[in-house]
J.: 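Structure below; questions to follow.
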Amino acid sequence: MKVEIKDLSTHVGQEVELHGWVQNKRESKTLTFVILRDGSGFCQCIFDLNVLGEEAFNEVSALGLESSLSVKGKVVADERQVGGFEIHATGFHVYQNCGEYPIAKKEHGVEFLMDHRHLWLRSKRQWAIMRVRNAVIFSIHNFFQKEGFVQMDAPIFTGNACEGTTELFETDFFGQPAYLTQSGQLYGEAMAMAMGKIYTFGPTFRAEKSKTRRHLAEFWMIEPEMAFFDIFDDMDLIEQFVRYVITDVMSRCKEELEILERDTTVLEKISNPFIRLTYDDAVAIIKGEKEVNGRKTIEVLEEDLRNTVQQIADLKADIESRETAINAGGMKKGQVNFNLNAIDKNKNTIKQLEEDERNIPQWIESAKNFTYGGDFGGSDETVLTRMFEVPVMVYDWPHEVKAFYLKRNPDNPKLARGVDLLAPEGYGEVVGGGERETNEQMLIEKINEHGLPMEAFEWYLDLRRFGSVPHAGFGLGLERMVAWICHLPHVRETIPFPRMYGRIEP
RNA sequence: GCCUCAUUAGCUCAGUCGGUUAGAGCGACGGACUGUUAAUCCGCAGGUCCCUGGUUCGAGUCCAGGAUGGGGCGCCA
């Protein structure tokens with residue numbers, strides 16, 4: 001009977017047939033252990049010389065990693081195994097025995113792995129990440145659907161740079177210049193006026209030459225837009241939404257998060273209320289004028305820097321002692337390998353820590369010198385979120401630094417009702433949104449101020465001419481959300497084939 | 001666009017003050033051993049030291065320029 005690995009628990013004691021690839025293999029004289037992966041899971045299959053006979057046994061022993069095959073055998077429960085089951089093979093069919101597989105069972109560099117992304121996706125960590133991504137997408141749809149939102153799609157080709165700020169990819173649309181969308185936001189507003197509550201879910205393109213762990217040139221964004229919502233309704237929804245998605249994904253991806261060695265106690269903090277700060281309060285905290293739990297940002301950062309320096313020293317001492325032990329001789333080869341591996345790992349960690357060591361002083365300077373009125377930089381976000389265990393929402397921004405379509409605070413027209421949700425653990429801005437300007441005249445002023453072509457916004461202004469209502473929305477960066485949930489060092493691992501500055505293949 | 005770090009075997013990395021024939025581990029391959037989970041043992045193969053130019057009796061090593069990549073800033077989700 002043909003079954004998938006994920007369903008083995010319902011077939012204990014039965015003869016089944018699995019189809020998959022050799023994820024790993026260990027051989028001995030009479031037994032060969034193959035970790036088979038079929039996309040749904042991993043399962044050890046045991047091939048016994050005495051069961052299969054010499055010819056068949058030699059064939060399976062000779063299989064290279066990622067060879068494809070089907071295996072017939074009996075399902076046996078075994079607690080020691082990943083997934084809890086193993087197969088005692090009675091027969092098999094090889095689809096292809098492949099040669100040396102490029103991705104070895106050891107640490108690889110980023111560039112090598114990115115060049116082999118089409119194969120890297122098969123590895124266990126990537127498998128886990130892609131399943132979390134899938135779960136996040138599923139949860140997002142679940143949340144909005146149960147809340148009565150209608151999913152609608154914004155166009156990907158646009159005729160103009162709609163927000164006028166970022167650089168866009170230009171393309172040819174039947175002889176006219178066109179751009180790949182940087183946001184579905186404006187179209188979302190039009191759709192919300194038709195349906196009440198909508199959300200878009202699609203790819204977004206930014207032509208910025210960003211080289212950071214948070215940026216992609218092509219990424220997926222979820223943009224809900226709600227009629228009759230103000231900034232506070234918006235923040236309530238953001239909080240509810242983010243909490244729902246994370247809680248749901250944690251419960252459905254236990255195995256995946258375990259593979260990723262994600263410390264979920266940090267994620268569980270999501271059940272506590274999120275921090276809400278006005279821009280003014282956030283600036284005071286960043287600059288160290290206001291304490292959080294009796295501590296100032298600069299002190300915390302300086303302590304982080306000292307810890308980093310200490311960690312580097314500790315790791316170097318560890319490397320040195322291992323090297324001394326190896327050079328002293330008398331060590332078994334296996335032990336030597338183990339120590340060499342540990343040294344390699346430590347050296348990699350040191351490289352990362354040394355980058356922190358170079359960056360943290362810059363962040364401290366940037367925090368000290370932050371001038372009121374400016375937008376937050378990546379480092380300011382890191383500094384601010386470093387002070388809290390839960391996501392932080394910052395709202396009421398100086399209107400100059402935010403998009404033209406944001407509504408002004410009626411009590412203080414210098415402030416725009418935008419809100420950013422900053423994730424903990426250095427993941428930065430995961431959500432950006434706010435209440436939209438409803439006043440036609442204010443919008444016209446802003447469009448002129450930004451030097452945008454008025455004729456391209458006539459349709460948008462119509463939304464304020466015909467039944468204008470308070471409304472709000474936000475945009476969630478899918479990849480940043482996945483990176484945060486999985487605790488990944490870079491968003492490039494959260495999308496099957498990342499498109500970023502300097503990377504268009506594979 | 002700016003700052004910073006890097007580039008040596010298929011992969012991960014050593015390579016001292018500029019010195020003679022460039023090393024290790026992993027992987028691969030051949031063999032021994034083993035209910036194994038990246039920690040057994042022996043053997044074997046494997047190099048355009050990123051590119052160009054310069055300094056020098058001599059450059060993987062020093063200098064200049066370039067390419068590619070990592071990270072940070074700006075920009076943003």
Side-chain angles (χ1 to χ4, degrees), chain A residues 23-35 42 44 46 48 64-65 78 80-82 86 88 99-116 163 165-167 182-183 185 204 206-217 219-223 323 326 331-345 347-348 351-352 354-356 358-363 365-366 374-382 401-403 420-423 427-433 474-481 483-484 489-492 501-503:
Chain A
Q23 199 248 339
N24 202 353
K25 191 188 69 173
R26 281 172 288 276
E27 305 147 69
S28 69
K29 197 167 189 176
T30 60
L31 293 170
T32 288
F33 303 93
V34 168
I35 307 292
F42 302 83
Q44 173 163 275
I46 296 144
D48 190 330
L65 291 186
D78 186 333
R80 291 170 301 178
Q81 301 310 329
V82 185
E86 59 181 24
H88 292 190
E100 187 177 354
Y101 185 63
I103 299 180
K105 292 186 284 180
K106 66 167 307 190
E107 298 230 342
H108 288 284
V110 173
E111 192 181 358
F112 177 82
L113 290 170
M114 287 299 298
D115 285 342
H116 294 82
E163 291 179 32
T165 47
T166 48
E167 288 181 69
Q182 59 154 349
S183 163
Q185 139 91 54
T204 306
R206 306 260 166 104
E208 293 140 1
K209 293 177 178 171
S210 300
K211 293 189 72 170
T212 84
R213 60 185 72 201
R214 296 193 293 276
H215 287 87
L216 293 170
F219 63 98
W220 287 69
M221 191 151 69
I222 295 87
E223 296 181 283
E323 279 173 347
I326 291 169
M331 196 183 274
K332 267 191 168 179
K333 200 175 166 189
Q335 253 178 315
V336 172
N337 288 345
F338 177 75
N339 280 302
L340 285 174
N341 251 329
I343 288 171
D344 271 7
K345 229 172 201 173
K347 280 185 179 168
N348 265 327
K351 271 189 193 168
Q352 286 164 28
E354 281 175 344
E355 273 174 5
D356 289 346
R358 280 192 294 271
N359 290 331
I360 293 174
Q362 291 177 30
W363 297 352
E365 276 314 296
S366 159
D375 201 354
F376 291 176
S379 67
D380 304 313
E381 291 172 358
T382 309
V401 302
K402 286 289 175 188
D420 286 354
L421 179 110
L422 309 177
Y427 285 94
E429 190 179 342
V430 170
V431 169
F474 61 89
L476 170 86
L478 176 65
E479 286 76 17
R480 286 187 183 177
M481 184 81 170
W484 169 31
H490 199 298
V491 289
R492 66 181 153 228
Y501 184 55
R503 171 68 60 183

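Order of the sequence lines sets the chain letters (A, B, ...), proteins ahead of strands, with each chain counted from 1. Values below: every heavy atom of this structure, side chains too, minus hydrogens, waters and symmetry copies.
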J.: Using only heavy-atom distances, decide whether a donor-acceptor pair under 3.5 angstrom links the side-chain of S210(A) to the base of C75(B).
T.: yes
J.: Could you check E86(A) against M221(A) and say which one's nearest nucleotide on RNA chain B is further toward the 5' end?
T.: E86(A)
J.: Would you say R213(A) reaches G71(B)'s phosphate, i.e. side-chain N/O to OP1/OP2 under 4.0 Å?
T.: no
J.: Given atom CD of E167(A) and atom P of G1(B), what is their separation to the nearest angstrom?
T.: 10 Å
J.: For D48(A) and U36(B), give me the distance from atom CG to atom C1', rounded to whole Å.
T.: 13 Å
J.: With a non-hydrogen cut-off below 4.0 angstrom, is F112(A) in contact with a base, only sugar-phosphate, or nothing?
T.: sugar-phosphate
J.: Please state the P separation for the pair C49(B) and G30(B) - nearest whole angstrom.
T.: 30 Å
J.: Using a 4.0 Å heavy-atom cut-off, does H88(A) contact any base of the nucleic acid, only the sugar-phosphate backbone, or nothing at all?
T.: base
J.: With C1' as the reference atom in both, quote the distance from A28(B) to G70(B) in angstrom, rounded to an integer.
T.: 29 Å
J.: Answer whether the closest heavy-atom distance between the side chains of W363(A) and T382(A) falls below 4.5 Å.
T.: yes
J.: Using the C1' atom as the point on both nucleotides, what is the distance between C26(B) and U40(B), in whole Å?
T.: 15 Å
J.: For the pair made of CD in E429(A) and P in A77(B), what is the distance, rounded to whole Å?
T.: 5 Å
J.: Taking the six-membered ring for Trp, does F219(A) stack with A77(B) (centroid gap under 5.5 Å, planes within less than 30°)?
T.: yes
J.: Over 60° means perpendicular and under 30° means parallel, so tell me whether H108(A) and F112(A) are parallel, tilted or perpendicular.
T.: parallel
J.: Rounded to whole angstrom, note down the P distance from U55(B) over to A59(B).
T.: 11 Å
J.: Say we look at A22(B) and A45(B): how far apart would their P atoms be, to the nearest angstrom?
T.: 16 Å
J.: Which part of the nucleic acid does R492(A) contact within heavy-atom distance under 4.0 Å: base, sugar-phosphate only, or nothing?
T.: sugar-phosphate
J.: Rounding to a whole Å, what distance do you find between H116(A):NE2 and U12(B):P?
T.: 10 Å
J.: Look up atom CZ in F474(A) and atom CE in M221(A), then write down how far apart they are to the nearest 0.5 Å.
T.: 11.5 Å
J.: Among the candidates C73(B), A77(B), U37(B), find the nucleotide nearest to the side-chain atoms of W363(A).
T.: C73(B)
J.: Heavy-atom nearest nucleotide on RNA chain B for P489(A) versus K402(A): which residue maps closer to 5'?
T.: P489(A)
J.: K209(A) side chain N/O closer than 4.0 Å to the phosphate oxygens (OP1, OP2) of G1(B)?
T.: yes
J.: Partner of G10(B) by Watson-Crick or G-U wobble geometry, both contacts under 3.5 Å, or none?
T.: C26(B)
J.: Who passes side-chain hydrogen bond (donor to acceptor under 3.5 Å, both in side chains) against D375(A), sequence neighbours left out?
T.: none
J.: With no angle test and no hydrogens, is the base of C76(B) tied to the side chain of H215(A) by a donor-acceptor pair under 3.5 Å?
T.: yes
J.: Could you tell me how far C50(B) sits from C33(B) if I compare only their C1' atoms? Round to whole Å.
T.: 43 Å
J.: Base, sugar-phosphate, or nothing for L476(A), non-hydrogen atoms under 4.0 angstrom?
T.: nothing
J.: Just name whichever nucleotide pairs with A45(B), Watson-Crick or G-U, keeping both distances under 3.5 Å, else none.
T.: none
J.: Tell me if the side-chain of E208(A) makes a donor-acceptor pair with the base of G1(B), cut-off 3.5 Å, by modelled atom types.
T.: no
J.: For a quick check of understanding: with a heavy-atom distance under 4.0 Å over all strands, which category does E479(A) fall into, base, sugar-phosphate or nothing?
T.: nothing
J.: If you round to the nearest 0.5 Å, how far is CZ of R492(A) from CD of E479(A)?
T.: 14.0 Å
J.: Using whole Å, report how far CZ of R206(A) lies from P of G74(B).
T.: 16 Å
J.: What's the CD-C1' distance between Q185(A) and A77(B), to the nearest Å?
T.: 13 Å
J.: Collect all protein-nucleotide pairs involving nucleotides 6-8 of chain B in which both atoms are nitrogen or oxygen and the distance is under 3.5 Å.
T.:
none

J.: With both distances under 3.5 angstrom, what nucleotide forms a Watson-Crick or G-U wobble pair with U20(B)?
T.: none
J.: Just verifying a value: how many Å separate D420(A) CG and K402(A) NZ, rounded to the nearest 0.5 Å?
T.: 3.5 Å
J.: Base, sugar-phosphate or nothing for D375(A)? Non-hydrogen atoms, less than 4.0 Å.
T.: sugar-phosphate
J.: In Watson-Crick or G-U wobble terms, both distances under 3.5 Å, what is the partner of A32(B)?
T.: U40(B)
J.: With heavy atoms under 4.0 Å as the rule, sort I46(A) into base, sugar-phosphate or nothing.
T.: base
J.: T212(A) side chain: which of G72(B), U36(B), C76(B) is closest?
T.: G72(B)
J.: How long is the straight-line distance from CG of L422(A) back to CZ of F376(A), given to the nearest 0.5 Å?
T.: 7.5 Å
J.: With heavy atoms under 4.0 Å as the rule, sort G109(A) into base, sugar-phosphate or nothing.
T.: sugar-phosphate
J.: Name the nucleic acid region contacted by I35(A), choosing base, sugar-phosphate or nothing; use a 4.0 angstrom heavy-atom cut-off, strictly under.
T.: nothing
J.: Without decimals, in angstroms, what is the distance between Y427(A) OH and C76(B) C1'?
T.: 18 Å
J.: Can you tell me how far apart CZ (F33(A)) and NZ (K25(A)) are? Round to the nearest 0.5 Å.
T.: 13.0 Å
J.: Mind checking V431(A) for me? I need base, sugar-phosphate or nothing, with any heavy atom below 4.0 Å counting as a touch.
T.: sugar-phosphate
J.: For C62(B), give the paired nucleotide (Watson-Crick: N1-N3 plus N6-O4 or O6-N4; G-U: N1-O2 and O6-N3; both under 3.5 Å), or none.
T.: G54(B)
J.: How long is the line joining NE2 of H490(A) and P of A77(B), in whole Å?
T.: 18 Å
J.: Any donor-acceptor pair under 3.5 Å linking the side chain of H490(A) with the backbone of H215(A)?
T.: no
J.: Taking pairing as Watson-Crick or G-U wobble with both contacts under 3.5 Å, can you name the mate of C2(B), or confirm there isn't one?
T.: G72(B)
J.: Got H88(A) and D48(A) here, is their nearest side-chain heavy-atom distance under 4.5 Å?
T.: no
J.: Once you apply a heavy-atom cut-off of 4.0 Å, does G502(A) come out as touching a base, just sugar-phosphate, or nothing?
T.: sugar-phosphate
J.: Judged by atom type as modelled, is there a donor-acceptor pair below 3.5 Å linking the side chain of R214(A) to the main-chain atoms of R480(A)?
T.: no
J.: Report yes or no: is there a donor-acceptor pair, N or O only, under 3.5 Å between the side chain of R214(A) and the base of A77(B)?
T.: no
J.: P atom, C2(B) versus G65(B): distance in rounded Å?
T.: 13 Å
J.: Between atom CD1 of I222(A) and atom CE of M481(A), what is the distance when rounded to the nearest 0.5 Å?
T.: 8.5 Å
J.: For atom P, what is the distance between U61(B) and U8(B), given to the nearest Å?
T.: 13 Å
J.: Picking from G71(B), A77(B), G70(B), which would you name as closest to the side chain of V110(A)?
T.: G70(B)
